[in-house]
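One structure coming up, written as structure tokens, with questions to follow.
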Amino acid sequence: MVSVVAFGEAMVLFSPQENGPLRHVESFRRYVAGAEVNVAIGLARLGESVGWISRVGDDEFGTAILAALRAEGVDVSQARVDPEAPTAVYFKEFRGLGETRVYYYRKGSAASRMGPGDLSPGFLDGARYLYVTGITPALSESCLALSHAAVQQARAARVQICFDPNIRLKLLGGRVQEVLLPLLRASDIALLGLEEARMLLGAGSAEELARAARAHGPATVVLKLGADGALSLEGDEVVRVPGFPVKVVDTVGAGDGFSAGFLAGRLKGWSLAESTRLGNLVGACACTVLGDYAAYPTLQEARSLLGLDRPVVER
Ligand code: KDG
């Protein structure tokens, strides 16, 4: 039994060791990546039990992904190895003037072949949250059906649905509202970046957008504001929690880190403000290194960084 169930695709990421067009890049560093695995790892590091449903290929990269998740303490007993399709790969490209481009090689991947049949009976037993992103339903028609089936089963089992749209225009094309609004409506907790809230809901300030998101259904809405922290809305309570100042190396993985921290806070019975602060902390840590989740803190580190316990390293 796990407290949180996440489902989605994990990929191997090749990140260039040099800037410039990929045609000239000769060395890369390999990472494990994927929004849902980032959240699962973030939660596990914060002491929460979390399971991940997916498929990987019967290949070296699939083996690497499963090993990485097992090492982090994520329950992969519901992840399958698909002998007929490969594990997805993606590359980053660091262009001049600070632009980062992303190239996916995930069409027809093992995870894109998931469907409702990948949900085993009782997969939500004992869980408090189902973690859903807008990436999975954009992978294929069968993954769209999987996302709706998982949400329906969570509602029937009274498991709360946490939704992060994680808008990937390369995958969604022009179907942003069509695919994502039904999931927003089905969710209990929505965690959105400011720009994606605007793409989904129109113009407005953070608080206006949080209220607009809530009008669609979720009881709790969090707007992730990057360096400015986050704004959370629940019942009559609106909290704005400033971000942690850090020297930013790479922001990828920060939003997922925030989601992991926020949900871990809720699972621990922390208040809306405290959970938002833990989210901000994990998001800030993510920005300090390359690699999506490498710097996510353990619970002990997080408590000490939040000033709740003595520093982990004493000099
Ligand atoms: O949120 C981080 C993710 O964007 C990254 O790990 C890759 O999941 C990914 C995606 O689909 O872009």
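Residue numbers start at 1 and run along the sequence shown. Note that ligands are numbered from 1 as they come in the structure, with each ligand's atoms numbered from 1 the same way.
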*So which of Tyr293, Tyr104, Tyr90, Tyr31 gets nearest to atom 12 (O) of ligand 1, if we judge by its closest heavy atom?*
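It is Tyr104 whose heavy atom sits nearest to atom 12 (O) of ligand 1.
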(request) For the residue pair Ser27 and Gln17, confirm or rule out a side-chain donor-acceptor distance under 3.5 Å. (result) no
Practice prompt. Could you tell me whether Arg29 atom CZ has more than 12 heavy atoms of other residues or ligands within 6.0 Å of it?
Written response: no
- Do Glu93 and Thr100 have side-chain atoms, one donor and one acceptor, less than 3.5 Å apart? no
Inset, instruction - Answer yes or no: does an N/O atom from Ala33 fall short of 3.5 Å to an N/O atom of ligand 1? - result: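 Such a contact does not occur with ligand 1.
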| field | Check: Asp256 and Tyr296 side chains under 4.5 Å, non-hydrogen atoms | value | yes
If we number the atoms of ligand 1 from 1 as shown, the ones under 4.0 Å from a heavy atom of Ile135 are 8 (O), 10 (C), 11 (O)
Would Lys224 and Ser259 count as having a side-chain donor-acceptor pair, cut-off 3.5 Å?
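There is such a pair between these side chains.
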TODO: Return a yes/no value for Val252: is any of its N or O atoms, backbone included, closer than 3.5 angstrom to an N or O of ligand 1?
DONE: no
Going by the 4.0 angstrom heavy-atom rule, the piece of Asn38 near ligand 1 is side chain
*Using a strict cut-off of 4.0 Å, indicate which atoms of ligand 1 neighbour a heavy atom of Arg168.*
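Contacts of ligand 1 toward Arg168, numbered from 1: 1 (O), 2 (C), 3 (C), 4 (O), 10 (C), 11 (O), 12 (O).
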Problem set entry | Sub-4.0 Å atoms of ligand 1 with respect to non-hydrogen atoms of Asp292 |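 So the atoms of ligand 1 that pass are 2 (C), 5 (C), 6 (O).
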**Message:** Does only the side chain of Glu36 get under 4.0 Å from ligand 1, or the backbone, or both, or neither? Count heavy atoms.
**Reply:**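 Under 4.0 Å from ligand 1, Glu36 contributes no heavy atoms.
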* Let me see the working for Val5 and Tyr131 under side-chain contact (heavy atoms from CB on, under 4.5 Å), right down to the final yes or no. => CA-CA 6 Å; Val5 174; Tyr131 186 75; over 6 Å; no
Any heavy atom of Met11 under 4.0 Å from ligand 1? The part involved is side chain
Contact region, Arg106 to ligand 1, non-hydrogen atoms below 4.0 Å, reads side chain
Problem - Residue Glu26 excluded, over 12 heavy atoms near CD under 6.0 Å - result: no
Pi-cation contact, Phe28 with Lys92 (under 6.0 Å, within 45°): no
Atom 8 (O) of ligand 1: closest protein heavy atom, distance to 0.1 Å, is Ala35 N, 3.0 Å
Ranked by distance from atom 1 (O) of ligand 1, the top protein heavy atom is Asp256 OD2, 2.6 Å
